[in-house]
Number of protein chains: 2
Amino acid sequence: MAVKPPGPRQPPLNALRAFEAAARLGGFAAAAEELNVTPGAISAHVKALETELGARLFDRNARGLQLTGLGARVLPAFTEAFDRLGQATQTLRAEAAPNVVHIAALPSVAQLWLSPRLPRLRAEAPEIEISITAMEAPPNLKRAPYDLCLFFGPEPDGRLAEDVIFPVCAPALAEQLHQPEDLNRLPCLTDSTWSEDWHLWAQQAAPGLRLATRGPVLSLYALAVEETVNGAGVLIGHQALIAGHLEAGTLVAPFDAPVRLPGGLRMSNPRPLRANTPAGRVARWLRDSAPA
Amino acid sequence: MAVKPPGPRQPPLNALRAFEAAARLGGFAAAAEELNVTPGAISAHVKALETELGARLFDRNARGLQLTGLGARVLPAFTEAFDRLGQATQTLRAEAAPNVVHIAALPSVAQLWLSPRLPRLRAEAPEIEISITAMEAPPNLKRAPYDLCLFFGPEPDGRLAEDVIFPVCAPALAEQLHQPEDLNRLPCLTDSTWSEDWHLWAQQAAPGLRLATRGPVLSLYALAVEETVNGAGVLIGHQALIAGHLEAGTLVAPFDAPVRLPGGLRMSNPRPLRANTPAGRVARWLRDSAPA
DNA sequence: AATCTAGGCTCAGGAAAACTGAGTCTCAGA
DNA sequence: TCTGAGACTCAGTTTTCCTGAGCCTAGATT
């Protein structure tokens, strides 16, 4: 008859994870987003943890958080532990379902770059199942369960395409556009996540031009492209994403004024890929398909 | 307006922990004990994990478990990750409450060896708070939140005392005991976790003696000691645990026949101790107090 | 063979944890 | 002064987690 008094309980794993995310990202809101919960949940977790420990982990200054000395001292160990756990989990998932390749991508990239390539990929490797998750920002590479990530970024490794931008519009509208100044007479579509595109382009391609850039602001670039094809106005085209439309003639570039941005479309892989695994094959296939 | 589709969810941490424990310990029952839940809970966790993964982690053969290839391949990574997490948690707890020293001990050791020493320790270091948790088996050193562990074991490092055993009884009963054969005329108390004591002793101290060893079986050694003091019978005394009673005269050893067992009372520390931390000081104090 | 036992399984019910949503508070910057 | 970001609170709800009892199987025991 064993006696089993509770003794000191281990803090709940979820609370530790919440603390780690909040500390690493510097805020409950950011942690909440990473963990797909509301900030209130993070707050509650951390508070419970602090209560159990009898010590504060964060200083709250109404405008955000500041790690206490205690928090800062223990954070690295937790980050490393959860990183390892994430890696182990990914390995587990990958080994359990070797034929599923999980891809994380910017919504626009998913729709405009990746999606058109999938039919051919499926035809060439029907046994591979592709799962695509669209998200605004690259996931934490050490944690999230993705085999491949497709995002725009400045890092040179894994570069699939330069980021070259220039105005595009439906062929019917192009007749009204002979020089950059003409842009002010047509609606200029703006994508909310690339709201600086017009300025970046104008700065280099038409210095001195004062662009009004009034016009609809859309939250999905793919939607903006669709609208543009339908003649709603002029859009800054990212070459990699509209190459298909240019080729098909559904969009045209009224000016010969491409501007190359420092970043580019980039494929990264959280874990090293072996060449003849499904993920490795998809990666190679996508890389080879990039110029197309 | 960010789009946030659920995408592939991360498996619950608790399920991963359950899997890791079951795999490492080779059974749901053992895992359940380590995690302080029922086996059914472990079973459910593992089943949920397997369902989510779409792959088996264990082969169930009605008589126990066998890791599948998949399970065996991923186990080490999980064990390491959870070990680190445990270490981080311990560090956190220790830093958050530096003056609390958590000790895990065998119930008998806690009551008969540790407890009598505490008053003096408290007097010498009143700022240190001691927390004692009694348990039948040493905890997983890499995980459990204890600074010091006191158990009997064969390992030589950290040895506080040899395990020397011999029959003891109340002084009044000693008159009836002149030679080992007399033991059969008195009740021989047995502790359920040290049920072999009588045989071990008799083998060496009185070879050939046929001991009936009938008598009450108690589940707590400290209780057996108390009963013995009250004259209920004869008990195999473990020197380290009854030294106080011998000194006080409340128990006597009727025969001069000590037997030294291979193991001993042992103090171990999951994490390295620094000498002038509270845990380190308690450890040193206890070590120095051992001969007493 | 019949029984015993260890260990896993299932299922329903209930406890505990986690999460949300709406509203509040506070400060920094415009 | 206003606004917005970010954290807090609290009630209510959903989800997860756990237990407890009984069942099932296969090796061990008699």
Side-chain angles (χ1 to χ4, degrees), chain A residues 1-2 4-7 9-53 56-68 71 82 89 136-137 192 195, chain B residues 1-2 4 6-7 9-53 56-68 71 89 136-137 192 195:
Chain A
M1 189 189 62
K4 174 93 63 169
R9 283 185 312 114
Q10 300 267 51
L13 293 180
N14 290 334
L16 295 175
R17 176 167 57 178
F19 157 68
E20 192 274 338
R24 172 166 43 82
L25 302 172
F28 289 177
E33 186 162 351
E34 174 164 302
L35 299 179
N36 284 305
V37 295
T38 53
I42 304 290
S43 171
H45 272 311
V46 171
K47 193 168 60 155
L49 191 52
E50 289 178 325
T51 303
E52 181 174 330
L53 291 170
R56 301 256 107 180
L57 292 165
F58 294 99
D59 287 328
R60 277 83 160 171
N61 33 14
R63 182 76 184 155
L65 296 174
Q66 177 90 31
L67 267 180
T68 60
F82 279 112
T89 306
E136 299 292 327
S192 55
S195 54
Chain B
M1 190 190 62
K4 175 90 65 166
R9 282 186 313 114
Q10 301 267 52
L13 293 181
N14 290 334
L16 295 175
R17 176 167 58 178
F19 156 68
E20 192 274 337
R24 172 166 42 83
L25 302 172
F28 289 177
E33 186 161 352
E34 174 165 301
L35 299 179
N36 284 305
V37 295
T38 53
I42 304 290
S43 172
H45 272 311
V46 171
K47 194 169 59 157
L49 190 53
E50 289 178 325
T51 303
E52 181 175 329
L53 291 171
R56 302 255 107 180
L57 292 164
F58 293 100
D59 287 328
R60 276 84 160 170
N61 33 12
R63 183 76 185 158
L65 296 174
Q66 176 89 30
L67 267 179
T68 60
T89 305
E136 299 293 328
S192 55
S195 53

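All values derive from a computational prediction rather than experimental measurement. Within every chain, numbering begins at 1; the chains are lettered A, B, ... in the order of the sequence lines, protein sequences first and strands thereafter.
The CG atom of Leu25(B) sits 5.0 Å away from the CD atom of Glu34(B) when rounded to the nearest 0.5 Å. The line from CZ of Arg24(B) to CG of Leu67(B) is 12.0 Å long, rounded to the nearest 0.5 Å.
Side-chain contact check for His45(B) versus Leu49(B): every heavy-atom pair is 4.5 Å or farther apart. Annotation: side chain of Leu13(A) is not in contact with side chain of Phe82(A) (no heavy-atom distance under 4.5 Å).
Note: CD1 (Ile42(A)) to C1' (dT20(C)) measures 13 Å, nearest angstrom. Whole-Å rounding puts the Leu35(B) CG to dT19(D) P distance at 11 Å. In this entry the distance linking NZ of Lys47(A) with P of dA7(D) reads 15 Å, nearest Å. As a whole-Å value, the separation of Leu25(B) CG from dG8(C) P is 11 Å. Atoms CG (Asp59(A)) and C1' (dA7(D)) sit 14 Å apart, rounded to a whole Å. Between the P atom of dG8(C) and the CD atom of Glu33(B) lies a distance of 12 Å, rounded to the nearest Å. Taking atom CZ of Phe19(A) as the reference point, atom C1' of dA7(D) lies 17 Å away to the nearest angstrom. The distance between atom CG of Leu65(B) and atom C1' of dC9(C), rounded to the nearest whole Å, is 11 Å.
In this model, the phosphate group of dA7(D) is not approached by any side-chain N or O of Ser43(A) to a distance below 4.0 Å at OP1 or OP2. One finds no side-chain N or O of Arg60(A) lying less than 4.0 angstrom from the OP1 or OP2 phosphate oxygen of dG6(D).
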Under 3.5 Å, which N/O atoms of the protein pair with N/O atoms of nucleotides 14-17 of chain D?
| residue | atom | partner | partner atom | Å |
| --- | --- | --- | --- | --- |
| dC17(D) | OP1 | Asn14(B) | ND2 | 3.3 |

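Minimum interatomic distance between Ala22(A) and Phe28(A) (heavy atoms only, all atoms of both residues): CB-CD2, 3.6 Å. Scanning all heavy atoms of the two residues, the minimum distance from Glu50(A) to Phe58(A) falls at OE2-N, 3.2 Å. Heavy-atom minimum distance, Pro12(A) versus Glu52(A): CD-OE1, 4.1 Å.
Residue Thr38(A) places its side chain closer to dC19(C) than to any other of dC19(C), dT19(D), dA7(D).
Mapping Gly64(A) and Gly40(A) onto DNA chain D by nearest heavy atom places Gly64(A) at the nucleotide closer to the 5' end.
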